[in-house]
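Excluded from the calculations below are hydrogen atoms, water molecules and symmetry mates; all remaining heavy atoms, backbone and side chain alike, are included. Atoms within each ligand, like the ligands themselves, are counted from 1 in listed order.
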Amino acid sequence: MTSEKVKENDLVFLILDDKRRWLVQVKGGGSFHTHRGIIEFDEIIGKSYGTVIFSKPYETQGYKFYVLKPMPSDYVLHMTRKTQIIYPEDAGMILLYSGIGPGSRVIEAGCGSGALTCILGNYVRPSGHIYSYDIREKSIKNARKNIERAKLENIVSIEYGNIITDNLNLKDIDSVVLDLAEPWLAIEKAMSYLKLSGTMVSFSPTIEQVKKTTFAMKENNFIEISTYELIKRKIQVKKNATRPESRMVGHSGYISFGRKIDDLKNPYRERKPTREEFFDLKDMPLRS
Ligand SMILES: C[S@@+](CC[C@H](N)C(=O)[O-])C[C@H]1O[C@@H](n2cnc3c(N)ncnc32)[C@H](O)[C@@H]1O
């Protein structure tokens with residue numbers, strides 16, 4: 001296959017070095033100004049991804065920039081964000097453990113900055129759909145902008161909606177993905193939208209949220225309930241000092257999963273109920 005060419009309005013990943021890198025939309029006649037000179041878009045459009053370009057004016061600047069096709073992780077880490085976003089590694093696990101893929105119909109709440117929405121939208125192409133909701137107009141506006149930049153407006157719809165109190169009038173959904181402060185309050189409604197065997201996914205930064213969400217899933221008869229935390233370490237590779245980098249993101253969040261089932265009482269074998277861990281929601285205060 002031949003190399004893909006940069007087209008008008010594409011989002012390209014411009015890289016100067018390890019720290020200085022930008023996601024920019026190339027428009028004919030436009031330019032991108034950096035402290036290392038100016039990149040003119042007409043010089044990128046029509047060239048192959050993987051090419052290099054030198055900043056203007058050449059005599060005083062003339063720095064080399066690499067032009068790459070952005071990865072889904074680049075969209076996430078370099079998009080405009082107004083809320084805490086989901087990191088690419090967590091999104092990767094969400095995709096692989098939820099079964100979300102081409103053709104999936106997914107409910108997401110809240111959309112926040114739309115980081116996870118972009119990733120989900122990218123993976124359900126060409127025939128799936130992401131129904132994304134938020135209760136903050138600012139988030140909705142910002143997420144819509146990011147969705148447009150990622151050219152996903154035909155795959156993703158972002159609407160005002162409260163996943164805890166509203167009736168969304170959707171059914172046979174493959175997955176419901178939650179990233180909001182009180183996910184446990186949304187489990188019962190979320191279950192009603194899911195098709196049998198569908199997946200419930202909840203991303204939360206704190207263990208208190210995980211406990212409440214897990215118990216809510218148990219109360220609503222979900223099975224295969226599990227929670228994970230991913231820790232990513234970048235490795236510095238140097239001639240005589242190859243080791244993990246000193247700084248890292250210590251914690252992003254916990255990811256909880258469950259599966260919807262059409263449960264029946266077993267008429268053949270009596271099973272003693274397992275003793276449930278004692279919990280009292282009142283004693284699990286959360287930051288409000
Ligand atoms: C942490 S952000 C989500 C970030 C998003 N996953 C991303 O990757 O950009 C949480 C969002 O949930 C929204 N939210 C909170 N409660 C909600 C509810 N009941 N229904 C819908 N959205 C809600 C908030 O307004 C906020 O924008």
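- Protein heavy atom in closest approach to atom 23 (C) of ligand 1: I135 CG1, 3.6 Å.
- Closest to atom 6 (N) of ligand 1 among all protein heavy atoms lies D179 OD2, 2.8 Å.
- Between E4 and K47 there is no salt bridge, since no side-chain nitrogen of the basic residue lies less than 4.0 Å from a carboxylate oxygen of the acidic one.
- If you check which protein heavy atom lies closest to atom 5 (C) of ligand 1, you get C111 O, 3.5 Å.
- Between E182 and K212, no side-chain nitrogen of the basic residue sits less than 4.0 Å from a carboxylate oxygen of the acidic one, so the salt-bridge criterion is not met.
- At least one N or O atom of S113 sits closer than 3.5 Å to an N or O atom of ligand 1.
- Of the heavy atoms in A186, none comes closer than 4.0 Å to ligand 1.
- Scanning all protein heavy atoms for the shortest distance to atom 21 (C) of ligand 1 gives G161 O, 3.3 Å.
- Among pairs with a residue in residues 114-168, those fulfilling ring-ring contact (aromatic ring centres under 6.0 Å, His included) read H129-Y131, at least two apart in sequence or across chains.
- Across all non-hydrogen atoms, the minimal contact from N146 to C118 is O-SG, 3.9 Å.
- With respect to atom 19 (N) of ligand 1, the closest heavy atom belonging to the protein is N162 OD1, 2.8 Å.
- Listed by atom number, the atoms of ligand 1 under 4.0 Å from I164 heavy atoms are 19 (N).
- Of the N or O atoms in L116, one or more lie within a sub-3.5 Å distance of an N or O in ligand 1.
- Under a 3.5 Å cut-off, the side chain of R21 and the backbone N or O of D18 do form a donor-acceptor pair.
- Under a 4.0 angstrom heavy-atom cut-off, G114 registers as being in contact with ligand 1.
- In summary, the aromatic rings of F215 and W184 are positioned with their centroids too far apart to meet the 6.0 Å limit.
- Using a 4.0 Å cutoff on heavy atoms, A91 does not count as a contact of ligand 1.
- Checking only distances, A109 never comes within under 3.5 Å of ligand 1, N or O to N or O.
- In this structure, the protein non-hydrogen atom closest to atom 26 (C) of ligand 1 is D134 OD2, 3.5 Å.
- The ligand atoms of ligand 1 that sit less than 4.0 angstrom from a heavy atom of R136 are 25 (O).
- In summary, E8 and K27 do not engage in a salt bridge, as defined by a charged side-chain N under 4.0 Å from a carboxylate O.
- Residues K195 and D174 are paired through a salt bridge, judged by an N-O separation under 4.0 Å between the basic side chain and the carboxylate.
- The pair E245-R233 does not meet the salt-bridge criterion, since no charged nitrogen lies less than 4.0 angstrom from a carboxylate oxygen.
- With hydrogens and angles disregarded, no donor-acceptor distance shorter than 3.5 Å links the side chain of D10 to the backbone of V12.
- In terms of protein heavy-atom proximity, atom 20 (N) of ligand 1 is nearest to I163 N, 3.1 Å.
- Only the side chain of S139 comes within 4.0 Å of ligand 1, judged by heavy-atom distances.
- For atom 1 (C) of ligand 1, the closest heavy atom belonging to the protein is Q84 O, 3.5 Å.
- Taking the six-membered ring where the residue is Trp, the centroids of Y97 and Y228 are separated by under 6.0 Å.
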